[in-house]
*Asks:* 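First the structure, which I've put down as structure tokens, then a few questions once you've had a look.
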Protein chains: 2
Amino acid sequence: MIDQLTLSDVLAEHARSRPTVTAVVDGEVRLTYPELDERVTRLADALAARGVTAGERVLWLGRNSHVVLELLLASSRLGAIFCPANWRQSTDELSFVVADLTPKVVVWERSEAAAPLSGDGWILAGADYEAFLAGGSAVPRPEGHPGGPAGGSAQAPGPGDDSAPLLALYTAAFDGRPNAALLSSAALVAHSTALLVVRRMEDGFTFLNSGPLFHVGTMMFCLATLQIGGTNVFTPAFDAEEVCRLVDAERVTQAFLFGQMIDAVTEANRDGKYDLTSLRFISHSAEWDGMTTVDDSPWCRSKMGGYGQTEVGGMLTFLGLAPGAAGPAGRPSPLVQVRLLAPDGGEVPAGEVGEICARGKSLFSGYFNRPELNAAKTRGGWHHTGDLGRREPDGTITFVGPMLRMIKSGNENIYPAEVERVLKTHPAVADAAVIGVPDERWRQAVKAVVALRGEATAEEIVEHVRARLAPYKKPKHVDFVEAIPKKGFTPDYDALDAAHGGGGYPGS
Amino acid sequence: MIDQLTLSDVLAEHARSRPTVTAVVDGEVRLTYPELDERVTRLADALAARGVTAGERVLWLGRNSHVVLELLLASSRLGAIFCPANWRQSTDELSFVVADLTPKVVVWERSEAAAPLSGDGWILAGADYEAFLAGGSAVPRPEGHPGGPAGGSAQAPGPGDDSAPLLALYTAAFDGRPNAALLSSAALVAHSTALLVVRRMEDGFTFLNSGPLFHVGTMMFCLATLQIGGTNVFTPAFDAEEVCRLVDAERVTQAFLFGQMIDAVTEANRDGKYDLTSLRFISHSAEWDGMTTVDDSPWCRSKMGGYGQTEVGGMLTFLGLAPGAAGPAGRPSPLVQVRLLAPDGGEVPAGEVGEICARGKSLFSGYFNRPELNAAKTRGGWHHTGDLGRREPDGTITFVGPMLRMIKSGNENIYPAEVERVLKTHPAVADAAVIGVPDERWRQAVKAVVALRGEATAEEIVEHVRARLAPYKKPKHVDFVEAIPKKGFTPDYDALDAAHGGGGYPGS
């Protein structure tokens with residue numbers, strides 16, 4: 001299989017091509033690529049001895065650590081699946097993850113929430129993990145053997161097959177439970193190369209993993225840094241002062257930082273104690289720009305804009321690929337294609353809202369152990385993101401909002417997110433949510449639930465929408481409330497339906 | 001198949017994402033991406049009506065033209081194989097290509113050499129081609145149908161399968177006849193993204209196809225420009241004045257130019273008649289640098305250095321990925337891995353010469369209709385390039401030379417190219433070639449055939465090599481000649497063997 005390239009292969013090549021380059025910095029730990037390669041070889045051997053063969057799962061429950069990268073790469077060498085789970089979850093939530101993934105090996109940092117779950121196959125990070133790793137052989141297994149890279153005659157799936165699932169990341173619940181999105185080596189390598197293009201990453205790139213590695217946002221830069229043979233610096237969790245210290249000490253090129261994190265770092269370095277000029281990053285404030293180097297790569301000059309989700313490997317579209325774009329999500333990565341589809345599977349015309357659907361090299365391999373959901377999400381040969389978008393006249397894409405419940409009124413499909421967006425442009429509206437209520441004639445009618453910050457009548461609210469959207473999308477009913485109930489950042493539609501008479505949704 | 005991306009898909013996405021961007025400029029022809037997409041849809045339909053189904057071949061015999069890109073993309077839409085052949089070949093050579101590929105359709109520019117071969121399925125470029133294309137339907141075929149992109153249920157190989165061979169480029173003869181290297185959409189897309197990284201190509205990139213499209217050197221930039229949604233400008237063949245005019249008129253970012261071509265363009269613009277500042281390219285001479293913009297991308301600042309061949313999609317290694325590298329070929333593309341192998345398949349240690357072998361996303365799918373050669377070239381799961389290289393202590397790669405005939409002396413393998421390289425570093429040596437001659441004790445012995453430009457004895461020549469290579473590699477015999485006979489750029493080893501007693505090669 002001369003056309004294969006797993007993450008394990010990427011590491012093996014760096015060990016040959018970059019014998020003196022530092023791959024990993026984590027506290028006192030500093031590893032060159034050959035040193036990392038040897039540790040991964042030992043770890044893969046030790047994992048194989050615990051029954052981790054192709055398709056088996058390995059779980060990490062802990063903060064950021066170079067161990068995350070080691071477990072990922074050793075799993076790649078074995079054809080296994082690695083999951084770095086959110087260690088901040090409750091015992092019940094972690095219990096669900098463990099029961100869902102049924103990992104052969106769990107490496108964990110001791111925590112109150114995880115402790116009740118530990119048992120056979122659980123290895124504590126630190127001394128226990130080091131002893132476990134040291135027990136593995138440093139002699140690479142021959143090609144084509146379990147635990148060794150594939151030989152010329154290897155057939156999918158198994159070690160060496162880059163389309164086999166490798167990384168599992170839990171994502172939002174569509175059906176009341178979280179699902180582990182599976183990304184293959186091929187998808188991860190493809191996504192990384194798109195980032196290399198848009199972020200202009202080259203030899204010597206040094207990334208500070210200052211966001212959580214169980215989210216794709218940090219993981220995708222960790223992997224792109226690996227792809228180009230750069231240096232990954234790990235810090236257990238975000239701490240502004242420690243970020244400053246590490247950027248200065250390791251000449252970090254980029255860190256996982258945005259918004260308030262950047263403000264906190266600026267504040268921590270107000271006295272100029274640390275030299276942050278190695279950081280080539282986005283323009284943010286005069287103070288920040290003065291202490292760092294403003295980068296002109298498409299990624300940085302677009303303030304990291306775009307649209308993405310775990311299921312597409314990270315980013316699907318980049319504003320940086322569409323200078324002057326009308327649509328704030330920009331244009332698709334060079335490795336994917338995007339269509340905006342109506343519920344019947346047809347493409348909606350430019351200017352109309354449809355579900356953002358995608359195909360391409362960075363796309364996921366489905367969710368672990370969810371055959372029905374996978375079939376639904378990939379119907380017609382397109383991944384259905386569950387998010388709404390619109391093509392602007394210049395071909396660029398606007399992210400409209402999550403699809404959530406679609407309202408069916410007559411033969412028309414109405415997406416609450418689109419109507420909500422327009423409602424919120426009314427100067428008197430502080431917040432708004434849209435639900436469907438049963439309607440004898442049209443099956444459902446649109447109801448707007450509105451929190452005001454000024455004065456407006458229901459008629460004025462309806463007229464505001466009517467002037468801006470197709471007539472069938474305007475609310476038939478308006479309820480005024482003090483505040484919209486929320487689940488995280490999005491309206492709590494269950495609570496809204498219960499309080500305001502919602503129902504009759506198609507498919508429900 | 002949500003993880004697929006054919007070149008046809010890339011075009012379809014640009015038609016959506018870049019409705020107003022110029023895809024193609026060729027004389028009077030200017031096509032936006034939607035216009036190119038419609039022409040490709042018509043062309044695919046017309047080709048399908050001529051029996052061009054998945055796996056069938058389409059041949060282009062002519063100079064550079066936008067028609068090359070149209071035929072390639074229409075072939076992608078059909079799952080067919082497209083070959084732009086060297087139109088400068090003799091009737092006998094072209095006859096071999098036609099008999100080897102057995103194309104269903106040939107599109108050609110009238111030439112004396114090709115005329116005797118034309119017959120059924122031959123379409124003249126120009127009015128005949130336009131009429132042929134116009135006869136095809138502009139309505140895209142439904143997904144999953146022949147001539148339409150694959151639907152969700154499509155299985156390999158066929159339309160929509162990005163691992164199916166798409167582009168055929170004839171390469172050097174290993175066994176006395178040229179072979180058509182097959183590159184899939186997946187390989188071409190992967191190679192393009194590596195170029196996007198190293199050349200820092202972005203939206204708006206405009207490439208002047210001023211080298212021949214039947215060579216991978218021009219084709220690879222044509223395809224990377226397509227990948228990022230830039231503009232491809234075509235000119236029938238290199239002409240310095242026309243290059244100047246097109247760069248000025250189309251604000252060209254990069255052209256296929258090197259060495260003497262750059263000198264000729266500099267000379268043609270000596271009076272500054274044309275504005276060439278849009279050209280962002282390598283530093284070459286004070287005059288050139290003054291009339292263009294010197295680019296600081298890894299590709300341009302390394303003077304385009306690296307190692308490649310058609311079989312790896314173009315470039316395998318880039319000097320631009322290894323600033324300050326000891327090995328002038330730099331480091332592998334982020335999408336491949338490279339090993340230097342001994343004839344027994346084992347990896348040679350750093351510092352030793354071995355055959356450059358590769359795996360990865362940009363690699364070819366074998367040669368068309370050469371099962372035995374393909375098995376030999378991919379033995380052990382590695383593509384054997386037939387070229388020699390060496391890892392330097394910093395992990396970077398030195399290209400040593402073509403492997404050609406290996407000499408076997410005792411148990412040792414000696415590559416002529418390595419010894420020749422050292423011979424040529426002697427100040428009195430103008431040129432040198434190394435052959436094996438039969439030897440009773442060692443099976444073969446090394447003979448150096450040397451053309452002098454100064455004075456040196458055979459003993460001095462042998463001592464020069466002995467001081468720099470392993471002892472068994474030093475010549476046992478030295479013959480002095482006026483000039484080394486050549487085949488193109490390489491020594492004519494058949495003539496050398498005949499004149500200087502060569503023979504006894506392993507495998508012969």
*Asks:* Find out whether B:Val338 and A:Glu13 are in side-chain contact, i.e. whether some heavy atom of one side chain is under 4.5 Å from a heavy atom of the other.
*Replies:*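 Of all side-chain heavy-atom pairs linking A:Glu13 with B:Val338, at least one is under 4.5 Å.
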*Asks:* Counting heavy-atom pairs under 4.5 Å to chain B, which of A:Leu196, A:Ile397, A:Val198, A:Thr6 comes out on top?
*Replies:* A:Leu196
*Asks:* Quick check on the interface: out of B:Leu321, B:Thr396, B:Thr20, who has the most heavy-atom pairs with chain A under 4.5 Å?
*Replies:*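 Heavy-atom pair counts peak at B:Leu321.
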*Asks:* Among B:Arg18, B:Gln4, B:Arg379, which residue forms the greatest number of heavy-atom pairs with chain A at distances under 4.5 Å?
*Replies:*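 The residue among B:Arg18, B:Gln4, B:Arg379 with the greatest pair count is B:Arg18.
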*Asks:* Which answer fits B:Thr193, side chain, backbone, both or neither, if we ask what part of it has an atom under 4.5 Å from a heavy atom of chain A?
*Replies:*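 When you check distances to chain A, atoms from both the backbone and side chain of B:Thr193 fall under 4.5 Å.
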*Asks:* Counting only heavy atoms closer than 4.5 Å, note whether B:Arg200 contacts chain A via side chain, backbone, both or neither.
*Replies:*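 Interface part for B:Arg200: side chain.
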*Asks:* Who among B:Pro19, B:Gly360, B:Ser362 has the most heavy-atom pairs with chain A under 4.5 Å?
*Replies:*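 Of B:Pro19, B:Gly360, B:Ser362, B:Gly360 has the most heavy-atom pairs under 4.5 Å with chain A.
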*Asks:* Counting only non-hydrogen atoms closer than 4.5 Å, does B:Ile228 touch chain A with its backbone (N, CA, C, O), its side chain (CB onward), both, or neither?
*Replies:*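 Just its side chain gets close to chain A.
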*Asks:* Can you say whether B:Gln227 sits under 4.5 Å from chain A via the side chain, the backbone, both, or neither, judging by heavy atoms?
*Replies:* both
*Asks:* Side chain, backbone, both or neither: which part of B:Phe364 has a non-hydrogen atom closer than 4.5 Å to chain A?
*Replies:* both
*Asks:* With a 4.5 Å cut-off on heavy-atom pairs, point out which of B:His383, B:Arg16, B:Lys361 contacts chain A the most.
*Replies:*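 Counting heavy-atom pairs under 4.5 Å, the top option is B:Arg16.
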*Asks:* Is it the backbone or the side chain of B:Pro393 that comes under 4.5 Å from a heavy atom of chain A, or both, or neither?
*Replies:*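 Contact with chain A involves the backbone of B:Pro393 alone.
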*Asks:* Quick one: what part of A:Arg391 sits under 4.5 Å from any heavy atom of chain B, side chain, backbone, both or neither?
*Replies:* side chain
*Asks:* Given that the side chain runs from C-beta out, which part of B:Asp394 has a heavy atom under 4.5 Å from chain A: side chain, backbone, both or neither?
*Replies:*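 For B:Asp394, the backbone is the part near chain A, not the side chain.
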*Asks:* Kindly list each side-chain donor-acceptor pair under 3.5 angstrom involving residues 324-336 of chain B, sequence neighbours excluded, with atom names and distances?
*Replies:*
from, atom 1, to, atom 2, distance (Å)
B:Arg331, NE, A:Ser17, O, 2.7
B:Arg331, NH1, A:Asp203, OD2, 2.8
B:Ser333, OG, B:Leu335, N, 3.0

*Asks:* What closest approach, in Å, do B:Ile2 and A:Leu363 show between heavy atoms, and which atom pair accounts for it?
*Replies:* O-CB, 3.9 Å
*Asks:* Between side-chain atoms of residues 345-356 of chain B and protein atoms elsewhere (two or more places apart, or another chain), which donor-acceptor pairs fall under 3.5 Å?
*Replies:*
from, atom 1, to, atom 2, distance (Å)
B:Glu355, OE2, B:Gly386, N, 2.7

